[in-house]
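Every chain is numbered from 1 and lettered A, B, ... according to where its sequence line falls, protein lines coming before strand lines. Note that these values count all heavy atoms, side chains included, but never hydrogens, waters or copies made by symmetry.
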2 protein chains.
Amino acid sequence: MASNAPTFSPLYRQIKSLIVQALESGEWRPGEAIPSEQELAARFGVSQGTVRKAVDELAAENVLVRKQGKGTFVVSHHDPRQFFRFLRLVPDDGSLTQPQSVPLDCWRAKAGQEAARVLQIPVGDPIIILRRVLKFSGKPVVLDEIYLPGEVFEGLTLDTLKEWKGSLYSFFETRFGVRMLRAEEHIRAVAADRMAAETLGVKEGTPLLSVERVTYTYNDRPVEWRRGRYLTTQYHYHNELT
Amino acid sequence: MASNAPTFSPLYRQIKSLIVQALESGEWRPGEAIPSEQELAARFGVSQGTVRKAVDELAAENVLVRKQGKGTFVVSHHDPRQFFRFLRLVPDDGSLTQPQSVPLDCWRAKAGQEAARVLQIPVGDPIIILRRVLKFSGKPVVLDEIYLPGEVFEGLTLDTLKEWKGSLYSFFETRFGVRMLRAEEHIRAVAADRMAAETLGVKEGTPLLSVERVTYTYNDRPVEWRRGRYLTTQYHYHNELT
DNA sequence: TAGTGGTCTAGACCACAGG
DNA sequence: CTGTGGTCTAGACCACTAC
């Protein structure tokens, strides 16, 4: 049996790891500029081209963003352009309006089998369950049920949430230092149950999009599990296949 | 008013265009290797690094694929790994089986307003309409209705289609020289109409995923418009958000 | 052993932002 | 004008594949 372990790790990937470590440690905060490529090259003792390739990959992963003439910056969910990065729902007529998040309720619970598996925590560990509605132009379009690991989001309350202007992920970023980097979604069509139907103002049984999402932070650590019910009569889920 | 026209086009992008032109002209066919980076550098009169950056982008766009020690190859839809590139439907239990495409019918028509707009052809131009079912392990899961520009797919018949073993896109690639490079999908939840219900073996009104897709070839030219109805009780649409 | 892509370097110069 | 990222070059060497 041959080992499948990588036999070789190029220098630029090691540099990339060092940059990620610095980001994780909070050395450079979201929205801030990281040192110039020349400075990083000197710091790590490699050529500028090697740093460049490391930064290239991090930029491709939406962890960093380059701005010619200005510098390289840590991506932040405060940036309004990041709002639709994880929300692929757009109106059929193309009019792009910023939706409003309305928290409904928030309570503590213990992780069951499924939540524990998805969030990679022990069964019985504390979790926080959060329900909210997304409104486009005042009309409810999305009902989300969100499961969070209690350890990471300790102290989260409905009141602090209600005071927040902006996206949930920008809230998580500033209040808990959690940076959502990547997500996987499972999408299916389901019939609206009573709860969803009432919240979204449709009849029970109306077809809805069920969007189940697991969101990851550094080191592929899952930090959010949510299930959304999307009303897709005037909106649709937009996806690009490459 | 300042012009927004690009004021600068780097050399590697010009090289990239030349490579795409060669691909379009059929100089190198799907599955074949293109010349080595050194050869291309000599041919275009630039350094290897510049060719490399051009090829990098084409590899990132899934037009080319690099194989260390062997060469750089033109991506082909014959490659079984390409099968799920545009089909994001996977079984809930993770068992990966190759679905089977069953053509139902195929007829000629004239493009209406919507088809003409989407396919960017004049209203009244000939189009081909094709219906087929995708079966996983013998069970019908997807009903597709596909609209093709008649000019591009001239001579397509149900019989030649039925003889084909493999994916629709590999069929298009070999028989019509059409290479699908990119697609956009609009997804929503709908109730099964009578036709879909019968074909998929469910009750009328069952929630189905409606997946509308426009597929593009070189130069962002649309060459396919399709609407699929996915039965998502044991399968789901999988998406990665980065 | 030869040929391919993959990495790394050092240096020059260009495009862009901001004082 | 300076500092940033962006491009381009030339050359050396490494890793992988195939003969």
Side-chain angles (χ1 to χ4, degrees), chain A residues 2-19 22-23 27-28 31-76 79 81, chain B residues 2-19 22-23 27-28 31-76 79 81:
Chain A
S3 164
N4 285 326
T7 59
F8 171 70
S9 177
L11 189 51
Y12 75 86
R13 283 207 190 274
Q14 302 174 36
I15 302 302
K16 184 182 170 187
S17 295
L18 293 174
I19 295 174
L23 285 166
E27 182 172 347
W28 314 305
E32 286 180 7
I34 69 170
S36 74
E37 295 178 353
Q38 288 292 1
E39 284 178 81
L40 289 174
R43 166 167 166 178
F44 298 128
V46 299
S47 78
Q48 190 216 10
T50 301
V51 169
R52 187 165 185 77
K53 190 146 185 182
V55 171
D56 275 345
E57 289 202 351
L58 290 169
E61 293 166 12
N62 293 307
V63 174
L64 300 176
V65 57
R66 322 182 82 125
K67 299 184 184 177
Q68 185 174 80
K70 299 177 76 173
T72 300
F73 297 79
V74 183
V75 167
S76 167
D79 187 335
R81 282 167 302 192
Chain B
S3 164
N4 285 327
T7 58
F8 172 69
S9 176
L11 189 50
Y12 74 86
R13 282 206 190 276
Q14 302 173 38
I15 302 301
K16 184 182 171 188
S17 295
L18 292 174
I19 295 174
L23 286 166
E27 183 172 346
W28 313 306
E32 288 181 5
I34 69 171
S36 75
E37 295 178 352
Q38 289 292 1
E39 284 178 81
L40 289 174
R43 165 168 165 177
F44 297 128
V46 299
S47 78
Q48 192 217 10
T50 302
V51 168
R52 187 167 185 74
K53 189 144 188 185
V55 171
D56 275 345
E57 289 202 351
L58 290 169
E61 293 166 12
N62 292 307
V63 174
L64 300 175
V65 57
R66 325 183 80 130
K67 298 184 183 176
Q68 186 175 85
K70 299 177 75 173
T72 300
F73 297 78
V74 184
V75 167
S76 167
D79 187 336
R81 283 169 300 194

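Considering only side-chain N and O atoms, K67(A) lies nowhere under 4.0 angstrom from the phosphate OP1 or OP2 of dG5(D). In terms of phosphate contacts, R52(B) brings no side-chain nitrogen or oxygen within less than 4.0 Å of OP1 or OP2 of dG5(C). Contact annotation: T50(B) side-chain N/O to dT7(D) OP1/OP2 distance is not under 4.0 Å.
The stretch residues 55-66 of chain A has no heavy atom under 4.0 Å from DNA chain C, so no residue of it qualifies as close. The stretch residues 38-45 of chain B touches DNA chain C through E39(B), each having a heavy atom under 4.0 angstrom from the strand.
The only member of L64(A), V74(A), T72(A) that meets side-chain contact (heavy atoms from CB on, under 4.5 Å) when paired with W28(A) is V74(A). Across I19(A), V63(A), I15(A), a single residue satisfies side-chain contact (heavy atoms from CB on, under 4.5 Å) together with V55(A), and that is I19(A).
Between S76(A) and G31(A), the shortest heavy-atom distance links the atoms CB-N, 3.8 Å.
Taken to the nearest 0.5 Å, the CG atom of L11(B) stands 11.5 Å off from the NZ atom of K53(B). Here the straight-line distance linking atom CZ of R43(A) with atom OG of S36(A) works out to 11.5 Å at 0.5 Å rounding. Between atom CZ of residue F73(B) and atom NZ of residue K67(B) there is a gap of 5.5 Å, rounded to the nearest 0.5 Å. Annotation: the span from L18(B) atom CG to L40(B) atom CG amounts to 10.0 Å, rounded to 0.5 Å.
Atom pair Y12(A):OH and dG6(C):C1' shows a separation of 8 Å (rounding to whole Å applied). Distance, I34(A) CD1 to dG3(D) P: 19 Å, rounded to whole Å. Protein atom CZ of R13(B) is 16 Å distant from nucleotide atom C1' of dC14(C), rounded to whole Å.
Taking the side-chain contact (heavy atoms from CB on, under 4.5 Å) definition, one finds that S47(B) meets it with T50(B), sequence neighbours left out. The side-chain contact (heavy atoms from CB on, under 4.5 Å) check on R52(B) picks up E37(B), D56(B), R66(B), with sequence neighbours excluded. For K16(A), the side-chain contact (heavy atoms from CB on, under 4.5 Å) test picks out R13(A), A54(A), E57(A), L58(A), E61(A), with sequence neighbours left out.
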(request) Show your working on side-chain contact (heavy atoms from CB on, under 4.5 Å) between V46(B) and V51(B) and close with a plain yes or no. (result) CA-CA 7 Å; V46(B) 299; V51(B) 168; 3.8 Å; yes

(message) Treating primed atoms plus P, OP1 and OP2 as sugar-phosphate and everything else as base, which nucleotides of nucleotides 10-19 of chain D get B, S or - for protein heavy atoms under 4.0 Å?
(response) -----SBSS-

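Listed candidates were dT7(C), dG6(C), dC8(D). Nearest to the side chain of E37(B) is dG6(C).
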